[in-house]
Structures are given as structure tokens and as C-alpha cells.
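Both ligands and their constituent atoms are indexed starting at 1 by order of listing.
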Amino acid sequence: MQDIPVITIDGPAASGKGTIAARVARSLGFHYLDSGALYRLATFAALKHGISLDDAAALAAQAANLDPVFDGEKILFEGEDVSTAIRSEAVSSATSQVAAIPEVREALFNLQRRFARAPGLVADGRDMGTVIFPKAELKVFLTATARVRAERRYKQLVERGEAADLDALTRDLEARDKRDRERETAPLRAAIDAYILDTSEMDIESVEKKVLEWWQSR
Ligand SMILES: Nc1ncnc2c1ncn2[C@@H]1O[C@H](COP(=O)(O)OP(=O)(O)O)[C@@H](O)[C@H]1O
Ligand SMILES: Nc1ccn([C@@H]2O[C@H](COP(=O)(O)OP(=O)(O)O)[C@@H](O)[C@H]2O)c(=O)n1
């Protein structure tokens, strides 16, 4: 599987991973893995089915049996399009608790690896370059200040018609990053061989261009 070209894009919440990964994938004709969507879906499913977020065994069993259908921008789960529901702030926060459970991460390992198919893959998340695709040809770690990231997420939620409070969002985002960075299994961190890019003062086009330049000059 490691013959398949893989680009990993990791980083904290709202650093632009998904936007950049999807654009780079489109530009290269590669597949795209939004690994956060899998953790979000596992959490959404647990909340829907009344599974306690403390029940590691039940959460892992359910994550192992997730069978999402990715249909363009839509994510279909048990017959409904959950692509918006899994991105609410309530699900975001619960997701970082569920994602800290080693058994859940183990349960999602193979599902993520299977996304690496010809002609190539762009994968975004927290541990794409460190754990899931450690031999990826190009690894990128996107950052931006907490304030910039909270403002980006705020705009995104408002555009989606959701109520949002910038100060509360900043607090939630920092708490989630802290939990993601400090967990024992697959914490959020840049791989030792990753290119690190602070996008606080860059627009989307410049970030995409930079990643494509790294890809071309690898
Ligand atoms: N470099 C950038 N400059 C300005 N806005 C950006 C940039 N990168 C992403 N965004 C916007 O910020 C929001 C969050 O980006 P997203 O890709 O969802 O981040 P992540 O996947 O890291 O959570 C989106 O609305 C996106 O359009
Ligand atoms: N590879 C991944 C991807 C996401 N996650 C978890 O899932 C949560 C949501 O991820 P996401 O990428 O959808 O979140 P945003 O960065 O888009 O806000 C993160 O806060 C992590 O706790 C993870 O642990 N490992």
C-alpha cells in the first residue's frame, strides 16, 4: 500500500486542513480522507444510540462497524445525510473525548488505511503523518493562532446559519486542542519530517500553492 503516493495534512482545529486537503486532492486527481469525519461520525453514532462516552469497549465495537457512505460532500449514515450534524460544536467537543480512547483509534485504523488507493491520497487529521501514514511522501502540518482559527470557524458556522459566539468558540477550540495534544495515544503533533506552515496571515490560495510546490519539488 505504501507504493500509493500519500500526502498528509495535520494540524489543530480550523487551521484549514480540510479546505487545503480537498483542494490539493482535486488539483492532483487524488482521493481525499477526512479522518476527523470518521471520529465525528463514531461520536455522533454513540450519542444517537445512547452509548456512554465512558464505555470504551462499546464505543470501539461501534467504531469498528461504522459503514459510512461518502457521496461527494455528503456523508450518509443509517440513511441520513449527517454531514452538517457531525460538525456541530457539541459533537466537536465530544469527539475529542472519544478520540482519546486507544481502542477507538485502533478500531478506525484499517478503515483509514484503506483510503490509500491509486492514483494517490490526501489525508487530513491529527495523526496522519505520525501514525496512519508514517511513510507518506509529503507531510504538512498547518497552524495558525487560536484567535485566527476561532474567527475562521466562527465565519464558517455563521455561513451555515448556526448561532455562534466568538469567545466561547475560542475557549472550546483551545480546550479541544489541549486534549488532542496531551492525550497519550496518537497526540496532535507534527511528524519529525513534516513541513510546518503558519497560515495565520496567508489566504487559502497561497497555502494550496505552497503545498503543491512542496509536492512538485519532493
Ligand atoms: N488560509 C486560510 N485563510 C483564510 N481562511 C481559511 C484558510 N484556510 C481555511 N480557511 C477557512 O477556515 C475555515 C476552517 O477551515 P477547515 O478547512 O474547515 O479547517 P480544519 O479542517 O483544519 O478544521 C473554512 O471556512 C475555510 O474556508
Ligand atoms: N486523525 C484524527 C482526526 C480527528 N481527531 C479527533 O476528531 C476531532 C475532530 O476532528 P476534525 O478534524 O473534524 O476537526 P476540525 O479540525 O475540523 O475542527 C479532533 O478534535 C480530534 O479529537 C483525531 O483524534 N484524529
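- At the top of the distance list for atom 16 (O) of ligand 2, counting protein heavy atoms only, stands Lys17 NZ, 2.7 Å.
- The option from Ala13, Ala14, Gly16 that lies nearest to atom 9 (C) of ligand 1, judged by heavy atoms, is Gly16.
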Test side-chain contact (heavy atoms from CB on, under 4.5 Å) applied to Arg126 and Arg189, step by step:
CA-CA 7 Å; Arg126 301 294 184 289; Arg189 65 176 172 82; over 6 Å; no
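- Interface of Arg176 with ligand 2, defined as ligand atoms under 4.0 Å from a residue heavy atom, comprises 8 (C), 9 (C), 14 (O), 15 (P), 18 (O), 19 (C), 20 (O).
- For ligand 2, the atoms sitting less than 4.0 Å from at least one non-hydrogen atom of Met128 are 1 (N), numbered in the order shown with element in parentheses.
- Within ligand 2, counting atoms from 1 as listed, the ones closer than 4.0 Å to a heavy atom of Ala99 are 6 (C), 22 (O), 24 (O).
- Residue contacts with ligand 2: Ala14 is included, with a non-hydrogen atom under 4.0 Å away.
- The only option from Glu80, Arg87, Arg40 that meets the side-chain contact (heavy atoms from CB on, under 4.5 Å) definition with Ile75 turns out to be Arg87.
- Scanning the protein heavy atoms around atom 17 (O) of ligand 2, the nearest turns out to be Arg153 NH2, 3.5 Å.
- Those atoms of ligand 1 with a heavy atom of Gly18 less than 4.0 angstrom away are 17 (O), 20 (P), 21 (O).
- Of the possible donor and acceptor atoms, none in the side chain of Arg160 sits under 3.5 Å from a partner among the backbone N and O of Glu162.
- The distance from atom CD of Gln97 to atom CZ of Arg176, rounded to the nearest 0.5 Å, is 11.5 Å.
- Residue, atom and distance of the protein heavy atom nearest to atom 3 (C) of ligand 2 are Ser35 OG, 3.4 Å.
- Residue-ligand proximity, Ala13 to ligand 2, at heavy-atom distances under 4.0 Å covers atoms 16 (O), 18 (O).
- Taking the six-membered ring where the residue is Trp, Phe115 and Phe70 present perpendicular rings, their angle passing 60° and hence far from 30°.
- By the criterion of a heavy-atom distance under 4.0 Å, the side chain of Arg183, and not its backbone, is placed next to ligand 2.
- When non-hydrogen atoms are compared, ligand 1 lies under 4.0 Å from the side chain of Arg153 (C-beta onward) but not from its backbone.
- Remark: ligand 1 and Thr199 share no N or O pair separated by less than 3.5 Å (distance only, no angle test).
- A continuous path of ILVMFWY side-chain contacts below 4.5 Å connects Leu108 to Ile51, so both sit in one hydrophobic cluster.
- Contact record, Gly125 with Lys17: O-CD, 3.3 Å, taken as the closest heavy-atom pair.
- The number of heavy-atom neighbours closer than 6.0 Å to CD of Glu213, taken from other residues, nucleotides and ligands shown, is above 12.
- Closest protein heavy atom to atom 22 (O) of ligand 2: Asp180 OD1, 2.6 Å.
- Ranking the protein heavy atoms by distance from atom 25 (N) of ligand 2 puts Arg105 NH2, 2.9 Å first.
- Backbone and side-chain nitrogen or oxygen atoms of Thr19 are examined, and one is located within less than 3.5 angstrom of a nitrogen or oxygen of ligand 1.
- Side-chain contact check for Tyr32 and Asp124: at least one donor-acceptor pair (N or O, by modelled atom type) lies under 3.5 Å.
- Ligand 2 has a nitrogen or oxygen under 3.5 angstrom from a nitrogen or oxygen of Asp127.
- The closest protein non-hydrogen atom to atom 4 (C) of ligand 1 is Arg152 NE, 3.6 Å.
- The closest protein non-hydrogen atom to atom 8 (C) of ligand 2 is Thr95 CG2, 3.5 Å.
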Would Ser206 and Asp203 count as a side chain to side chain donor-acceptor pair (under 3.5 Å) if you check the C-alpha gap in whole Å, the side-chain angles of each, and the deciding distance to 0.1 Å?
CA-CA 6 Å; Ser206 319; Asp203 62 16; 2.5 Å; yes
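- If you check which protein heavy atom lies closest to atom 4 (C) of ligand 2, you get Gly36 CA, 3.5 Å.
- Contacts between Lys17 and ligand 1, counted as non-hydrogen atom pairs separated by less than 4.0 Å, involve both the backbone and the side chain.
- Ser200 contributes a side-chain N or O that, together with a main-chain N or O of Thr145, makes up a donor-acceptor pair within less than 3.5 Å.
- At a 3.5 angstrom cut-off on N or O pairs, Val207 does not count as close to ligand 1.
- For the pair Val104 and Ala63, the tightest heavy-atom approach, listed with the atom from each and the gap, is CG1-CB, 4.3 Å.
- In the vicinity of Gln156, heavy-atom distances shorter than 4.0 Å reach the ligand 1 atoms 13 (C), 14 (C), 18 (O), 24 (C), 25 (O).
- For atom 7 (C) of ligand 1, the closest heavy atom belonging to the protein is Ile204 CG1, 3.4 Å.
- When hydrogens are left out, the protein atom nearest atom 13 (O) of ligand 2 is Arg40 NE, 2.6 Å; that is the closest non-hydrogen contact.
- Side-chain contact check for Val98 versus Tyr39: every heavy-atom pair is 4.5 Å or farther apart.
- In the model, Arg152 has a side-chain atom that pairs as donor or acceptor with a side-chain atom of Thr199 under 3.5 Å.
- Crowding of Glu73 atom CD: a count of heavy atoms from other residues, nucleotides or ligands under 6.0 Å not exceeding 12.
- With values rounded to the nearest 0.5 angstrom, Lys139 atom NZ is found 11.5 Å from Phe133 atom CZ.
- Applying the 4.0 Å criterion to heavy atoms of Met202 picks out, from ligand 1, the atoms 1 (N), 2 (C), 3 (N).
- Ligand 1 has no nitrogen or oxygen under 3.5 angstrom from a nitrogen or oxygen of Ile20.
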